[in-house]
Colleague: 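I am attaching a structure below and will ask some questions about it afterwards.
Hydrogens, waters and symmetry mates play no part in the numbers below; they use all other heavy atoms, side chains included. For the single chain, residues carry numbers from 1 onward in sequence order. Every value quoted in this text rests on a predicted model; they were computed, and no experiment measured them.
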Amino acid sequence: MTDSSGPPADPDRPDRPDSSAEEGSQDDSGATSQDGPPAPGGNDGDDKSDGDGGDGFRTWADRPKSGVAGHRRHWLRWTALAASFLVLVAAGVGWWLYKKLDGNITTDTGAAAELKAYDKERPTAIAMDAQNILLIGSDTRSGDNRKYGRDDGGSQRSDTTILLHLAADRRSATAVSIPRDLMVEIPSCHPEGGKATRKQFAQFNWAFELGGTACTIRTVENMTGIRVDHHMVIDFSGFKDMVDAVDGVEVCLKEPVKDDDAHLELPAGRQKLDGEQALGYVRARKSIGDGSDTERMDRQQKFLGALVNKMQSNGVLLNPTRLYPVLDAATKSLTTDPGLDSLRDLYDLVRGMRNVPTEKVQFLTVPRQPYRADRNRDELVQPDADRLFEQLRKDEPVAVVPADEKNAGDSQPTHSSEEDPSDEKPGGTDGSPSPAPTYSGSNAADDPCDQ
């Protein structure tokens, strides 16, 4: 023990003279240290510079690649930042496009309210996974449609009406045209902002003019017993823009066409129609064929089949860059019920249809004949029409063949054989199910020049 201040002396370390602090001290290995830490690159105090500039490395190969590694880390950092920026931009553009298309769609809240008020009177759906969508082509002359006729104050009628049935398994689609001159029972309807109309027996397209979409839907449901799940209304401009968006649709004309009212002049043969020509083609009545509404509906069905075929064969439904212009054209002139008023709802509908084989996308017209009291109007052929409605209501198959194969004329007999298959019971003595009733019509796989 000592009375001196400071830590006790290290018994294992020999005493060194204080003068060594002025000249530096030497450790156990004999290295001499100056004030401050040892020089970088040293090796236990041994001097191994050997003329390398005093940095402690013998050759350039011994130097760490700190410069290259730093450059690589810098490059990777900027690449990650650029990739993140591109992802954010893509997400922003995608969101903007989605909101734009979503905002194009008009929701028909008035029709939804009226249908809800009459819900107890409407048919009950039987095949729950099947979908029945009423497609209405409006002949309004307001807005961009003024050039197709005089605007008489905003009134409109259904120029084309199609009941589209999508099978529950989404392996077939049947589109049934309803003639605008078909005589039907139109219920009492309540147009938005107007007085209730009276129940009346009149031509079908009056329902749209009297009571709008809801009145048309209720008229179809009363006539068919089929619950309409959704509806879409599209005007002339929307149809024209959709055709342009798929770069035109091919048709085949047996003779040249010149129709000033429809703004149409076409040579005979196979040709591709743009949107304006296509609109005139499906609307023309007196200048093509026999001038009847029957022939016009047949032409519309074949054109829609060619449009579906074009979209599927060219991969439009599977290619976002090609699908966007079609959706943009469609949504800008589309009015739907609340169940289809978003882009997501429409995408789900299209996605369900994209795997339907084109030969299973079928088109036909309700069995009808000239109305006995007025040959310029139509009436249903019974029991053929009710048989068709029952098949669709139960989601059972329907077959179509070209009209000349059925040798059916305008009245469209229902079945392809002399016997009525409705008399045959499923699982009968021969073990085979009842054959599907057959109607004259077409499918999307048909070549327009082979018909």
Colleague: So which atom in Pro123 and which in Gly225 form the shortest heavy-atom distance, rounded to 0.1 Å?
Modeller: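 Smallest interatomic distance, heavy atoms only, reads CB-O, 3.4 Å.
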Colleague: With sequence neighbours left out, write down each residue that passes ring pair (Phe, Tyr, Trp, His ring centres under 6.0 Å) with Phe239, or none if nothing qualifies.
Modeller: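 Phe239: ring pair (Phe, Tyr, Trp, His ring centres under 6.0 Å) contacts with Phe303.
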Colleague: Step by step, would you call Lys302 with Val251 a side-chain contact (heavy atoms from CB on, under 4.5 Å)?
Modeller: CA-CA 9 Å; Lys302 291 176 180 177; Val251 300; over 6 Å; no
Colleague: With sequence neighbours left out, which residue pairs that include part of residues 436-445 fulfil the salt bridge (charged side-chain N to carboxylate O under 4.0 Å, His left out) condition?
Modeller: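 Matches after skipping sequence neighbours: none remain.
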Colleague: Looking at every heavy atom in both Ala445 and Asn309, which two are closest together, and how far apart are they?
Modeller: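 Where Ala445 meets Asn309 most closely, the heavy atoms are CA-ND2, 4.5 Å.
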Colleague: Got Thr197 and Cys189 here, is their nearest side-chain heavy-atom distance under 4.5 Å?
Modeller: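 Touching, per the 4.5 Å side-chain cut-off.
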Colleague: Under the 3.5 angstrom rule, does the side chain of Lys195 hit a backbone N or O of His190 as a donor-acceptor pair?
Modeller: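 Absent.
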Colleague: May I ask you to check whether Thr219 and Glu185 show a side-chain donor-acceptor distance below 3.5 Å?
Modeller: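 No donor-acceptor contact under 3.5 Å links the two side chains.
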Colleague: With side-chain contact (heavy atoms from CB on, under 4.5 Å) as the criterion, how do Thr106 and Asp341 come out once you've worked through the C-alpha distance, each side chain's angles and the decisive distance to 0.1 Å?
Modeller: CA-CA 7 Å; Thr106 301; Asp341 67 346; over 6 Å; no
Colleague: Taking all heavy atoms of Lys310 and all of Gly248, pick out the closest pair and write down the distance.
Modeller: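 Here Lys310 and Gly248 meet closest at NZ-O, 2.5 Å.
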Colleague: First locate atom CD of Glu390, then atom CG of Leu392, and finally report the distance between them rounded to the nearest 0.5 Å.
Modeller: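 Output value for this atom pair is 10.0 Å.
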Colleague: Determine whether a donor-acceptor pair (N or O, by modelled atom type, separation under 3.5 Å) exists between the side chain of Lys332 and the backbone of Gly238.
Modeller: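 Absent.
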Colleague: Does a side-chain heavy-atom distance below 4.5 Å link Leu364 with Ser440?
Modeller: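 A side-chain contact under 4.5 Å is absent here.
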Colleague: Is there a donor-acceptor contact under 3.5 Å from the side chain of Arg218 to the main chain of Ser188?
Modeller: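 Here the side-chain-to-backbone pair exists.
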Colleague: Test of understanding: with side chain to side chain donor-acceptor pair (under 3.5 Å), list the residues that count as partners of Arg393, not counting sequence neighbours.
Modeller: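 Not a single residue meets the side chain to side chain donor-acceptor pair (under 3.5 Å) criterion with Arg393.
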Colleague: With a 3.5 Å distance limit and no angle check, can you tell me whether Arg283 reaches the backbone of Arg296 through a side-chain donor-acceptor pair?
Modeller: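 No, because the side chain of Arg283 does not come within donor-acceptor range (under 3.5 Å) of the backbone of Arg296.
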Colleague: So, for Tyr439 and Pro367, which heavy atoms are closest and what is the spacing to 0.1 Å?
Modeller: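 Distance-wise, the nearest heavy atoms are CE2-CG, 3.9 Å.
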Colleague: With side chain to side chain contact (heavy atoms under 4.5 Å, CB included) as the test, pick out the partner of Phe204 among Ile186, Val366, Val220.
Modeller: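 That would be Val220; it is the only one of Ile186, Val366, Val220 passing the side chain to side chain contact (heavy atoms under 4.5 Å, CB included) with Phe204.
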Colleague: Out of the candidates Arg368, Met223, Met297, only one should pair with Ile178 under the side chain to side chain contact (heavy atoms under 4.5 Å, CB included) rule; please name it.
Modeller: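 Checked Arg368, Met223, Met297 against Ile178; only one passes side chain to side chain contact (heavy atoms under 4.5 Å, CB included): Met223.
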Colleague: Checking side-chain polar atoms at under 3.5 Å, does Gln301 have a donor or acceptor matched by the opposite partner on Ser177?
Modeller: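 There is such a pair (donor and acceptor under 3.5 Å, judged by atom type) between the side chains of Gln301 and Ser177.
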Colleague: Go through it in stages, so that I can follow the logic: the residues are Thr358 and Asn443, the test is side-chain contact (heavy atoms from CB on, under 4.5 Å), and I'd like the CA-CA distance, side-chain angles, deciding distance and then a yes or no.
Modeller: CA-CA 7 Å; Thr358 52; Asn443 65 64; 5.9 Å; no
Colleague: Report the distance from atom CG of Leu343 to atom CG of Leu327, rounding to the nearest 0.5 Å.
Modeller: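 Here the interatomic distance stands at 6.0 Å.
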Colleague: What are the two closest heavy atoms between Thr216 and Ala207, and how far apart are they?
Modeller: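 That closest heavy-atom pairing would be OG1-C, 3.8 Å.
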Colleague: I'd like to know if the side chain of Thr224 and the backbone of Ile226 have a donor-acceptor N/O pair within less than 3.5 Å.
Modeller: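 Yes; at least one donor-acceptor contact below 3.5 Å.
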Colleague: Kindly indicate whether the side chain of Ile217, heavy atoms from C-beta on, has any atom under 4.5 Å from the side chain of Tyr118.
Modeller: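 The answer is no; the side chains never approach within 4.5 Å.
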Colleague: Sequence neighbours excluded, which residues qualify as side chain to side chain donor-acceptor pair (under 3.5 Å) partners of Gln271?
Modeller: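 Partners of Gln271 under the side chain to side chain donor-acceptor pair (under 3.5 Å) test: none.
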Colleague: Verify the distance criterion only: is there a donor paired with an acceptor across the side chains of His165 and Asp395 at less than 3.5 Å?
Modeller: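 Side-chain D/A pair, His165 to Asp395: present.
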Colleague: Just jot down the side chain to side chain donor-acceptor pair (under 3.5 Å) partners of Lys116, sequence neighbours excluded, or say none.
Modeller: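 None.
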Colleague: To the nearest 0.5 Å, what is the distance between CG on Asp108 and CD on Glu114?
Modeller: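 It comes to 10.0 Å.
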Colleague: Verify, without hydrogens or angle tests, whether Gln391 (side chain) and Pro397 (backbone) share a donor-acceptor contact under 3.5 angstrom.
Modeller: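 Answer holds: yes.
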Colleague: Locate the shortest heavy-atom distance separating Met232 from Leu334; write the atom from each residue and the value.
Modeller: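 Closest pair (atom of Met232, atom of Leu334, distance): CB-CD1, 3.8 Å.
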Colleague: Do Thr213 and Val233 have side chains that get closer than 4.5 Å, going by heavy atoms?
Modeller: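 Thr213 vs Val233: side chains touch.
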Colleague: Could you tell me whether Arg170 and Asp129 have a side-chain N and a carboxylate O separated by less than 4.0 Å?
Modeller: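 Looking at Asp129 together with Arg170, the answer is no, because their closest N to O distance does not fall below 4.0 Å.
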Colleague: Which residues satisfy the side chain to side chain contact (heavy atoms under 4.5 Å, CB included) test with Glu379, sequence neighbours excluded?
Modeller: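 Applying side chain to side chain contact (heavy atoms under 4.5 Å, CB included) to Glu379 gives Gln369, Tyr371, Arg372.
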Colleague: Glu250: what forms a salt bridge (charged side-chain N to carboxylate O under 4.0 Å, His left out) with it, not counting sequence neighbours?
Modeller: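 Glu250: salt bridge (charged side-chain N to carboxylate O under 4.0 Å, His left out) contacts with Arg270.
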Colleague: What do the steps show when you test Asp345 against Ser342 for side chain to side chain donor-acceptor pair (under 3.5 Å), and what is the final call?
Modeller: CA-CA 5 Å; Asp345 295 327; Ser342 73; 2.8 Å; yes
Colleague: Salt bridge (charged side-chain N to carboxylate O under 4.0 Å, His left out) with Lys199: which residues, sequence neighbours excluded?
Modeller: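 In terms of salt bridge (charged side-chain N to carboxylate O under 4.0 Å, His left out), with neighbours along the sequence ignored, Lys199 is linked to no residue.
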Colleague: Tell me, please, which residues at least two apart from Ala268 pass side chain to side chain contact (heavy atoms under 4.5 Å, CB included).
Modeller: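 Partners of Ala268 by the side chain to side chain contact (heavy atoms under 4.5 Å, CB included) criterion, ordered by chain and then number, come out as Pro256.
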Colleague: Please round to the nearest 0.5 Å and tell me the distance separating atom OG1 of Thr124 and atom CE of Met128.
Modeller: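 Between Thr124 OG1 and Met128 CE, I get 9.0 Å after rounding to 0.5 Å.
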Colleague: Mind checking the NE2-CG spacing from His230 to Asp337? Nearest 0.5 Å is all I need.
Modeller: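 Rounded to the nearest 0.5 Å, the NE2-CG separation comes to 5.5 Å.
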Colleague: Quick one, Leu266 with Gln277, criterion side-chain contact (heavy atoms from CB on, under 4.5 Å). Give me CA distance, side-chain angles, the key distance, then yes/no.
Modeller: CA-CA 8 Å; Leu266 299 169; Gln277 293 170 325; 3.8 Å; yes
Colleague: For Ser333, which residues count as a side chain to side chain contact (heavy atoms under 4.5 Å, CB included) partner, sequence neighbours excluded?
Modeller: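 Counting only residues at least two positions away or on another chain, Ser333 forms a side chain to side chain contact (heavy atoms under 4.5 Å, CB included) with Ile234, Asp235, Ser237.
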Colleague: Contact between Arg171 and Val356 at the side-chain level, heavy atoms closer than 4.5 Å - yes or no?
Modeller: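 No. Closest side-chain heavy atoms not under 4.5 Å.
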Colleague: When you check the gap from the basic side-chain N to the acidic O, do Asp229 and Arg227 get nearer than 4.0 Å?
Modeller: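 No, Asp229 and Arg227 are not salt-bridged.
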Colleague: If you define the side chain from C-beta out and look only at heavy atoms, does anything of Ile288 sit under 4.5 Å from Leu264?
Modeller: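 Touching, per the 4.5 Å side-chain cut-off.
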Colleague: If you round to the nearest 0.5 Å, how far is CG of Asp181 from CH2 of Trp206?
Modeller: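 Between atom CH2 of Trp206 and atom CG of Asp181 there are 11.0 Å.
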Colleague: Among residues at least two apart in sequence or on other chains, which ones pass side chain to side chain donor-acceptor pair (under 3.5 Å) with Asp386?
Modeller: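 Only Gln382 meet the side chain to side chain donor-acceptor pair (under 3.5 Å) criterion with Asp386.
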Colleague: With no hydrogens and no angle check, is any side-chain donor or acceptor of Tyr281 less than 3.5 Å from a backbone partner on Arg299?
Modeller: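 The answer is no, because no donor-acceptor pair under 3.5 Å joins these two groups.
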Colleague: In chain order, what residues pass the side chain to side chain contact (heavy atoms under 4.5 Å, CB included) check against Asp244, with sequence neighbours excluded?
Modeller: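 Testing Asp244 for side chain to side chain contact (heavy atoms under 4.5 Å, CB included), a comparison that skips the adjacent residues, returns Lys240, Asp274.
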Colleague: Run the numbers on Ser172 and Gln362 for side chain to side chain donor-acceptor pair (under 3.5 Å), then give the verdict.
Modeller: CA-CA 8 Å; Ser172 67; Gln362 305 177 127; 6.0 Å; no
